[in-house]
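Working notes, structure below.
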Amino acid sequence: MSNHDRDPILLTPGPLTTSLATKAAMLRDWGSWDAAFNAVTARVRGKLTDIVHAADTHVCVPMQGSGTFSVEAAVNTIVPRDGHVLVLINGAYGKRLARLTELMGRRTTTFETADDVPTTAEDVDRLLASDASITHVGLIHCETSTGIENPLREIAAVVARHGRSLVVDAMSSFGALPIDARTTPFDALIAASGKCVEGPPGMGFVFVRKSVLERCAGNSSSLALDLHDQWTYMERTTQWRFTPPTHVVVALDAALDQYVAEGGQPARLARYAANYEALMAGMRELGFRSFLPPAIQAPIIVTFHAPEDTKYAFKPFYDRVRDKGFILYPGKLTQVETFRVGCIGAIGPAEMRHAVNAVRDTLAEMGIRSVAGGAARAAA
Ligand SMILES: *Cc1c(COP(=O)(O)O)cnc(C)c1O
């Protein structure tokens, strides 16, 4: 049977494969002024807030656009113009956070570790102790460029102890990894519709501590990316300030119903962990080695060393795996040749095993025999 007549499975960190029920929810048109649609918006904000147990402390402010729009909106709204942001970097999304913070005109200091080294609470403790001018800390929870998990809980505790403000990009971890606002203090935490909550892409959202957001009027140097304005307008009118991504909102509402029915965050994490185990077992059998050690690897996306065989090139490898029904993701490291496989989306371990089979057949077709990546070879 050919896979050409159905959608390929997306083994990417968003957009990702959504369920039929989520896709079907988009087969309606909604008016942005209509009370029925605005009720959906309110419901979605409430369901999202429940996932991080933040109903008593934070408000969920949705924002049109991809995830980065919401990261930029969060920095631009939360950080006063004379603020000073320490950005913790161990990959491309950390670099992006630093870049947009600089572009927003905020004073920016970066602390960078290698792609396979998590930032530690000790690092942050030392950095904050040595510079009293730092007002905010920017952290990437799961750095999607490799799949590394940074210790959010420990870092949040240190930032709070120093009396500074924490801004967390939890884009690829929200909904899957546990995050609890009652025990993990943060002033802003950002995620989006098209990642672990398995909605379509097109809407981001920021959980902002209410007492902080109330004081953020006038911080933003952007009209469209002003979370304070978006929030106050929505509170006053129940509507989005500018044209809402209606289909995305209603599909996300459907995806969140399925999220709850599945068993919420623990169940989502369990399924992704099973996907990760199935993927790793199969790929190991083929000789592949992951870039990160399991201890610091989140079960969200896995970076693999590319085959060292000279017959390997990512493009033909990708094309052939795609013809078999699976979309892989290119690597994002500059030092080593890698590719990535996502474990998230409306898929289970069976799909992961089929994906491994597609990789196996592709290796055979391309005549690739030597799979073990350079680093694994050197270590062996
Ligand atoms: C996906 C992602 C983003 C946002 O990327 P967009 O392409 O703008 O949706 C930001 N940070 C992290 C860690 C991500 O995984």
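Reckoned from all heavy atoms, side chains included, excluding hydrogens, waters and symmetry mates. Indexing begins at 1, ligand by ligand and atom by atom, following the structure's order. Being a predicted model, the structure only gives us computed values, none of them experimental.
Pairing each heavy atom of Thr303 with each of Ser145, the nearest pair is OG1-O, 3.8 Å.
Listed by number with element, the atoms of ligand 1 under 4.0 angstrom from any heavy atom of Thr68 are 4 (C), 5 (O), 6 (P), 8 (O). Listed by atom number, the atoms of ligand 1 under 4.0 Å from Cys142 heavy atoms are 13 (C). Close approach of ligand 1 to Ser172 (heavy-atom distance below 4.0 Å) involves ligand atoms 15 (O).
The nearest protein atom to atom 2 (C) of ligand 1, hydrogens excluded, is given as Lys195 NZ, 2.5 Å; this is a heavy-atom distance. Among all non-hydrogen protein atoms, the one lying nearest atom 9 (O) of ligand 1 is Gly67 N, 3.0 Å.
Rounding to the nearest 0.5 Å gives a distance of 8.5 Å between CZ of Phe304 and CZ of Arg284. Separation of atoms CG (Asp187) and CG (Leu166) is listed at 7.5 Å; rounding is to 0.5 Å. Interatomic distance, Gln230 CD to Ser220 OG, rounded to the nearest 0.5 Å: 11.0 Å. To the nearest 0.5 Å, the span separating NE2 on His228 from CG on Asn76 amounts to 13.5 Å.
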**Item:** Stepwise side chain to side chain donor-acceptor pair (under 3.5 Å) check, Asn38 with Thr41
**Value:** CA-CA 5 Å; Asn38 293 322; Thr41 299; 4.6 Å; no
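The closest approach between a heavy atom of Ser145 and any atom of ligand 1 is not below 4.0 Å. Contact analysis puts Asp169 in contact with ligand 1, with a non-hydrogen atom separation below 4.0 angstrom. Ligand 1 lies within reach of Arg96, whose nearest heavy atom is under 4.0 Å from it.
Here Pro201 has no heavy atoms under 4.0 Å from ligand 1, in either its backbone or its side chain. Residue Ile140 touches ligand 1 through its side chain alone, judged by heavy-atom distances below 4.0 Å.
In this structure, of Thr144, Ile301, Ile300, the residue bringing a heavy atom nearest to atom 15 (O) of ligand 1 is Thr144.
Note on ring orientation: taking the six-membered ring where Trp is involved, the planes of Phe174 and Phe207 are tilted (angle from 30° to 60°).
Evaluation of the ring pair (Phe, Tyr, Trp, His ring centres under 6.0 Å) test over residues 44-64, restricted to residues two or more places apart or in two chains, returns His58-Phe186.
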